[in-house]
Amino acid sequence: MPTVSVKWQKEVFPAVEIDTSQPPFLFKCQLFDLTGVPPERQKIMVKGGLLKDDADWSTLGVKEGQRLMMMGTADEIVKAPEKSPVFMEDLPDEEQVVAVGHSAGLKNLGNTCYMNSTVQCLHSVPELKSALTLYPQSGRSNDLDITSHSLTIATRDLFNELDKTVYPVTPYQFWMALKKKYPQFGQLHNGAFMQQDAEECWAQLLYTLSQSLKSSASSGETSTVKALFGIELSSRVHCQESGEESLETESTFSLKCHISHEGLIAKLEKNSPALGRSAIYLKESRISGLPRYLTIQFVRFFWKRESNQKAKILRKVEYPLQLDVYDFCSDDLRKKLEEPRKILRDEEGKKAGLKTDEKSSDSNKNAMNIDGSGESSGSTPQDGASEKGEHLTGVYDLVAVLTHKGRSADSGHYVAWVKQEDGKWIEFDDENPIQQREEDITKLSGGGDWHMAYICMYKARVVPI
């Protein structure tokens with residue numbers, strides 16, 4: 001085998017052997033190892049022109065010690081990564097949560113899906129988590145009972161644990177605190193814990209937190225939970241049979257959607273002083289104060305007198321991803337919403353590329369900021385607008401759905417569907433978080449044996465003024 005030298009750029013490679021029994025392509029592969037120039041880029045000058053991959057060495061007249069000239073550009077040398085790859089399981093728990101994009105699931109302790117789904121929905125409210133973080137371990141106020149304090153501590157600790165791991169969390173301490181505060185959640189049937197109503201768990205937990213998460217203000221104590229979830233209602237209650245009529249005001253943490261009626265209308269059966277017996281009253285309500293997070297409960301369960309048991313309404317009830325409650329508000333609240341809604345429409349118009357009335361928009365802003373405080377002149381800030389200068393618009397976006405699957409009110413299965421900060425939806429089926437498509441969320445409307453919406457939670461769209 002002849003030995004040659006090869007000159008490439010400023011380098012010379014001496015004593016390169018040529019195996020003349022193999023095609024020149026093998027020789028080019030040898031030079032690739034030496035220079036990094038791929039064979040297809042190599043141009044080697046020999047007798048008669050450029051060396052071809054399939055040429056016959058015997059016709060090229062290559063001699064011992066001959067110098068060959070090669071031209072060509074080498075491939076860029078791949079640098080070793082500055083940091084070695086890190087696998088998901090090797091990351092700290094907190095970083096795994098960020099990488100996965102959602103928090104952990106909750107283990108079912110025996111028919112506790114009602115509790116798990118409630119916790120996952122409320123855990124998605126960052127303002128509630130912040131308020132719980134500030135709650136002192138041993139700073140119970142004199143008017144708060146020990147069971148409420150313990151349940152608040154357990155809620156805080158469970159929320160923190162969910163944020164620190166992607167592995168299923170066992171909510172044992174929370175469950176024990178919940179049963180101690182509300183013994184009905186510890187009821188047994190044939191030695192097993194009974195299925196409970198998720199709405200009752202939701203309402204009782206929020207009530208407890210509303211008592212414990214209070215902040216001192218100049219005008220007295222204000223509840224964080226009331227600011228986040230509290231709804232003010234003004235109602236007209238009248239009896240067609242007797243002609244009696246009364247006006248009522250109330251505060252609640254959820255709107256009851258009675259499936260058999262449209263709007264905020266409910267039928268009540270109570271004693272009529274005028275008739276001296278029980279009568280049917282019609283209660284028509286209007287929203288007089290809105291929250292940051294609007295909770296709507298579809299009243300699917302009712303007491304069936306004929307069978308003396310709880311029954312479920314399976315009727316399909318559609319709900320939107322975006323909800324506008326302006327038409328359900330009182331006249332006074334509508335007036336407060338007009339300016340923020342105008343600003344919201346202008347902002348959405350600009351995003352859509354539509355022209356807005358800039359003079360009108362500027363005059364609206366000036367009118368609302370005339371005292372320079374960021375709050376509307378001559379009126380108090382709206383409920384639920386937690387940050388100074390932010391005003392509610394009456395428009396809400398769906399952020400969580402709690403569903404019930406099954407035909408019986410005392411059995412079945414509850415699941416939470418929660419929207420994440422990045423816009424993705426996660427189905428929390430106890431300890432199994434599963435990503436879902438947004439278009440599938442509104443299909444949880446009922447009408448069969450599939451998951452059907454029982455509670456919907458909406459987050460307010462606010463505008464700075």
Heavy atoms of other groups near Q240 CD, more than 12 under 6.0 Å: no
side-chain hydrogen bond (donor to acceptor under 3.5 Å, both in side chains) partner of K129, chosen from T155, N160, D163: D163
Within the 4.5 Å heavy-atom criterion, are I441 and K419 side-chain neighbours or not? no
Just checking, is any N or O donor in the side chain of Y293 or E127 under 3.5 Å from an acceptor N or O on the other one? yes
Answer with yes or no whether the side chains of K181 and S148 bring together a donor and an acceptor at under 3.5 Å. yes
One should read off an interatomic distance between Y396 OH and L323 CG, to the nearest 0.5 angstrom, of 8.5 Å
Show your reasoning for whether side chain to side chain contact (heavy atoms under 4.5 Å, CB included) applies to S234 and T249. CA-CA 5 Å; S234 301; T249 59; 4.2 Å; yes
Quick note, ring-ring contact (aromatic ring centres under 6.0 Å, His included) partners involving residues 432-453, not counting sequence neighbours, are W417-H451
Please tell me if the side chains of F253 and S210 come closer than 4.5 Å, counting only heavy atoms from C-beta onward. yes
If you count heavy atoms of other groups shown closer than 6.0 angstrom to CZ of F193, is the number above 12? yes
Evaluate the side-chain proximity of M115 to W175: yes if any heavy-atom separation is below 4.5 Å, no if none is. yes
4.5 Å side-chain heavy-atom contact, D331 and R286: no
When every non-hydrogen atom of C456 is compared with those of L398, the smallest separation belongs to CB-CD1, 3.9 Å
Any donor-acceptor pair under 3.5 Å linking the side-chain atoms of T208 with those of Y182? yes
E244 versus P273, closest heavy-atom pair with distance: OE2-CD, 3.2 Å
Above 12 or not: heavy atoms from other molecules or residues under 6.0 Å from OH of Y326? yes
Step-by-step salt bridge (Lys or Arg N to Asp or Glu O under 4.0 Å) determination, K342 to D346: CA-CA 6 Å; K342 172 66 170 62; D346 288 348; 2.7 Å; yes
Take atom CD of Q322 as the centre, draw a 6.0 Å sphere, and report whether it contains more than 12 heavy atoms from other residues, nucleotides or ligands. yes
Approximate separation, where rounding is to 0.5 Å, of E438 CD and D440 CG: 10.0 Å
Checking V462 against R292 for the side chain to side chain contact (heavy atoms under 4.5 Å, CB included) test, could you report, in this order, the C-alpha distance in whole Å, the side-chain angles of both residues, the deciding distance, and whether it holds? CA-CA 9 Å; V462 298; R292 190 81 166 194; 3.6 Å; yes
Could you tell me how the ring of Y135 sits relative to the ring of H149: parallel (under 30°), tilted (30 to 60°) or perpendicular (over 60°)? tilted
Can you tell me if H413 uses its side chain to pair, donor with acceptor, with the backbone of T403 under 3.5 Å? no
Check: Q173 and S150 side chains under 4.5 Å, non-hydrogen atoms: no
K256, NZ: over 12 other non-hydrogen atoms inside 6.0 angstrom: yes
So, taking the atom named CG in N116 and the one named CG in L402, what distance separates them when rounded to the nearest 0.5 Å? 10.5 Å
Ion pair check, R341 and E348, cut-off under 4.0 Å: no
From the list E250, E245, E269, salt bridge (Lys or Arg N to Asp or Glu O under 4.0 Å) partner of K283 resolves to E250
Start with the C-alpha distance between Q195 and C113, add both sets of side-chain angles, then the distance that settles side chain to side chain contact (heavy atoms under 4.5 Å, CB included), and finish with yes or no. CA-CA 8 Å; Q195 175 70 285; C113 56; 3.3 Å; yes
Minimum heavy-atom distance S330-S288, with the two atoms named: OG-CA, 3.7 Å
Salt bridge (Lys or Arg N to Asp or Glu O under 4.0 Å) filter on E241, not counting sequence neighbours, yields R277
Would you mind checking if R461 and E347 are paired as a salt bridge, meaning a charged N to carboxylate O distance below 4.0 Å? no
Under 3.5 Å, is there a donor-acceptor pair between the side chain of T170 and the main chain of Y172? no
Between atom CG of D430 and atom OG1 of T112, what is the distance when rounded to the nearest 0.5 Å? 6.0 Å
What pair of heavy atoms forms the shortest contact from L290 to G394, and how long is it? CD1-CA, 4.0 Å
What are the two closest non-hydrogen atoms of E431 and P168, and how far apart are they? CB-CB, 3.7 Å
Taking the side chain as every heavy atom from C-beta outward, state whether I153 and R156 have any atom pair closer than 4.5 Å. yes
Give a yes or no on whether the backbone of Y454 and the side-chain of E199 come within a donor-acceptor separation of less than 3.5 Å. no
Residues, nucleotides or ligands: over 12 heavy atoms within 6.0 Å of K107 NZ: no
Does any N or O in the side chain of N108 come within less than 3.5 Å of the main-chain N or O of N111, such that one atom is a donor and the other an acceptor? yes
Applying side chain to side chain contact (heavy atoms under 4.5 Å, CB included), run through R300 and I259 and close with a yes or a no. CA-CA 7 Å; R300 290 194 175 275; I259 296 175; 3.7 Å; yes
Tell me yes or no: between the side chains of E200 and Y114, is some donor less than 3.5 Å from an acceptor? no
Separation of Q204 CD from Q184 CD (nearest 0.5 Å): 5.5 Å
Would you confirm whether R315, through its side chain, and G446, through its main-chain N or O, come within 3.5 Å as a donor-acceptor pair? no
Whether over 12 other heavy atoms sit under 6.0 Å from K180 NZ: no
Evaluate the side-chain proximity of V401 to Y319: yes if any heavy-atom separation is below 4.5 Å, no if none is. yes
Passing option when Y458 is tested against I296, V399, T295 for side-chain contact (heavy atoms from CB on, under 4.5 Å): I296
Does the E427 side chain pair with the main chain of V415, one donor and one acceptor, at a distance under 3.5 Å? no
Could you verify whether a donor N or O on one side chain and an acceptor N or O on the other, from H238 and E284, lie under 3.5 Å apart? yes
Nearest non-hydrogen partners of S103 and L162, listed with the distance: CB-O, 3.1 Å
Nearest-0.5 Å distance, CZ of residue R334 to CG of residue D332: 11.0 Å
Less than 4.5 Å apart, side chain to side chain, heavy atoms only: is that true for T393 and I343? no
Answer yes or no: are there more than 12 heavy-atom neighbours, outside M176 itself, under 6.0 Å from its atom CE? no
Would you mind listing every salt bridge (Lys or Arg N to Asp or Glu O under 4.0 Å) that reaches into residues 165-178, with sequence neighbours excluded? none
